[in-house]
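Heads up: the structure comes next, in C-alpha cells.
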Amino acid sequence: MAEHETSAQQLSFDEDQQPGKPARFMDLEVPEYAYMFGFLQADGHLQQGVGQKGKLSVEINARDIEILREFQRLTPYYSSITERIRATNFAEQLHSATWTLCSLEARTIVNQLGIPYGKKSRIIGPPQVDFSHRDYVRSCIDADGSLGWTAEGIPYLSHTSASEAMSSYLRQYAKAITATGREVRRNARDQVYVFTYYKEQAQQLAKHLYYPGCLALAHKTANAASIQNWVRPAGMKFAPPRRPWTEADDRELLRLNNRAAAAKRLDRTEKSCSMRLWRIRTGQVPMPHL
C-alpha cells in the first residue's frame, strides 16, 4: 500500500518568528509540551538503532492526524507524518497515521525526561521535573483512557495502565480534583490497573481537563463537552463513597470465612463480603499476606 508523507520545515522558536512560543524544546511547564510528552510516553515508541541511529514515533488512527500535525509544529527538528491502510485483527481496513522524529538531540531530550528505549508500559511514570499537571493528565486520558457514555447513558471517564507509578499518580490527581479516591489493583486477566469515574465526578474531571483552547484529540474534546449536558434523573440516588478493602480486612474475611460474621465484624454488607471473598479466591485481587 502506498504511503503518503508530509514533512515539516525546520522551525525556529525565536520570539520574532514564534511569538509566545518557548525557546526550549520539551519544556514541560509549557502546556503543549506537557501534553505532547505525556501522549508520546503513553502511545509512542523510542527505538534505538546502530550507533546513533534511532527514531521516536507514534502511530494513531488517521482521524486524529491533526494532533500529529501539532506535534510536528511544536518540534524544531525535521519530522514526518505518513499514512497507511492495512488489515488488522480488529478491522479489515485500518487507516492510520504515524509521526516520526529521528534527531538524536531530540531523542536524547525525551529519553532523559522519562521515555525509555524499547518496552516501557510497566516502567513509565510522571516526569521528575516541573510540569503542567493538568495538560499531562489530559494526554494520558487521550492516549490510554476513555471518555464518553456507558450503554446506560451514564457519563464516565476511565484510564488503563500497566504501570503502577503512572496509575498511582493519576489516581492521586483525580482524587485531588473530585475529592473521591479509587483504590485499584492489577486485574487478573490483563495485569493492568483500571480506574473509572462516573456521573458528576466524570463531568467534573472532564471539565477540568478539557478546558477551552487546550491541545487534545478532537473526539475526546467533543465527548468531554457532551457529557456536561447530563443531568442526574430524579430519583437516582447518590451512592455513598466506597470504603477500600485493606489487607487486614481481607485477612479477617478469610479467617472468618462467613459472610454474615464478616459483615458484622467489618461493618460491611453481606453482599460486599461475599463478593470480596469470591474475588480473592478467584485471583481477581491478590491474596493478602497471612
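Values below: every heavy atom of this structure, side chains too, minus hydrogens, waters and symmetry copies.
For the residue pair H95 and N61, no side-chain donor N or O sits within less than 3.5 Å of a side-chain acceptor on the partner. Side chains of R107 and Y117: a donor-acceptor N/O pair is present below 3.5 angstrom, by distance only. Checked by atom type, the side-chain pair S132/E29 shows no donor-acceptor distance below 3.5 Å. Between Y197 and Q204, the side chains place no donor N or O within less than 3.5 Å of an acceptor N or O (distance only, hydrogens not considered). Side chains of W99 and S57: a donor-acceptor N/O pair is absent below 3.5 angstrom, by distance only. Residues R171 and S167 bring a donor and an acceptor atom of their side chains to less than 3.5 Å of each other. With no hydrogens or angles considered, a side-chain donor-acceptor pair links Q201 and R182 at under 3.5 Å.
Taken to the nearest 0.5 Å, the CG atom of L217 stands 10.5 Å off from the CG atom of N223. Taking CD from E59 and OG1 from T100, the interatomic distance works out to 9.0 Å, rounded to the nearest 0.5 Å. The distance from atom CG of L74 to atom CG of L215, rounded to the nearest 0.5 Å, is 7.0 Å. Between the CD atom in E200 and the OG1 atom in T180 there is a gap of 10.5 Å [rounded to 0.5 Å]. With rounding to the nearest 0.5 Å, the separation of CD in E32 from CD in E70 is 8.5 Å.
Counting only distance, with no hydrogens or angles, the side chain of D190 and the backbone of V192 share no donor-acceptor pair below 3.5 Å. Between the side chain of R86 and the main chain of S96, no donor-acceptor pair closer than 3.5 Å is present. Panel note: side chain T108, backbone L104; a donor-acceptor pair is recorded below 3.5 Å. At least one donor-acceptor pair under 3.5 Å links the side chain of Q191 to the backbone N or O of N187. A donor-acceptor pair is defined here as one N or O able to donate and one able to accept, closer than 3.5 Å; such a pair exists between the side chain of Q41 and the backbone of G114. Side chain of K220 to main chain of G148: no donor-acceptor pair is present (N/O by atom type, distance under 3.5 Å, no hydrogens or angles). Using modelled atom types, no side-chain atom of Q128 and backbone atom of L113 make a donor-acceptor pair closer than 3.5 Å. The closest donor-acceptor contact from the side chain of Q203 to the backbone of P155 lies at 3.5 Å or more, if one exists at all. The backbone N or O of D250 sits nowhere less than 3.5 Å from a side-chain atom of R276 that would complete a donor-acceptor pair.
A cation-pi contact links R268 to W245, judged by a cut-off of 6.0 Å to the six-membered ring centre and 45° from its axis. Geometrically, R186 does not engage Y193 in a cation-pi contact defined by less than 6.0 Å to the ring centre and at most 45° from the axis.
Taking the six-membered ring for Trp and thresholds of 30 and 60 degrees, Y35 and F71 have ring planes inclined between 30 and 60 degrees apart. Aromatic ring pairs are classed by plane angle as parallel below 30°, tilted from 30° to 60° and perpendicular above 60°; the pair Y169 and H133 is tilted.
Listed here is the closest heavy atom pair of A206 and A224: CB-CB, 4.0 Å. Residue Y33 comes nearest to D27 through the heavy atom pair CB-O, 3.4 Å, listed as atom of the first residue, atom of the second, then distance. When all heavy atoms are compared, the tightest approach of P116 to L46 is O-CB, 3.6 Å. Taking both residues in full, the closest heavy atoms of T282 and W278 are given as OG1-O, 2.8 Å, listed atom of the first, atom of the second, then distance. Here the closest heavy-atom approach between residue K207 and residue Q228 is recorded as N-NE2, 3.5 Å. Here the shortest heavy-atom pairing between F37 and M26 reads CB-SD, 3.9 Å.
In the hydrophobic cluster analysis, where Ile, Leu, Val, Met, Phe, Trp and Tyr join through side-chain heavy atoms closer than 4.5 angstrom, M236 is grouped together with I227. Cluster membership for L28 and Y211, using ILVMFWY side-chain heavy atoms within less than 4.5 angstrom, is not shared. In terms of hydrophobic clustering, with Ile, Leu, Val, Met, Phe, Trp and Tyr side chains grouped at heavy-atom distances under 4.5 Å, V129 and L40 are assigned to a common cluster. Linking Ile, Leu, Val, Met, Phe, Trp and Tyr residues whenever their side-chain heavy atoms come within less than 4.5 Å places I60 and I65 in a single cluster. Following chains of ILVMFWY side-chain contacts shorter than 4.5 Å, one cannot reach V194 starting from L209, and the two form parts of different hydrophobic clusters.
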> T246 and D249: side-chain hydrogen bond (donor to acceptor under 3.5 Å, both in side chains), yes or no, with the steps?
Replying inline: CA-CA 5 Å; T246 65; D249 292 339; 3.2 Å; yes
> Between Y173 and Y136, is a ring pair (Phe, Tyr, Trp, His ring centres under 6.0 Å) present by the stated rule, with each step listed?
Replying inline: CA-CA 11 Å; Y173 187 89; Y136 178 79; 9.4 Å; no
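Sorted by first then second residue, the salt bridge (charged side-chain N to carboxylate O under 4.0 Å, His left out) pairs that include residues 135-159, not counting sequence neighbours, are D135-R138. Each side-chain hydrogen bond (donor to acceptor under 3.5 Å, both in side chains) pair with one or both residues in residues 153-166, not counting sequence neighbours, appears once here: S146-Y156.
With a 6.0 Å radius and a threshold of 12 heavy atoms from other residues, nucleotides or ligands, K120 has its NZ atom above the threshold.
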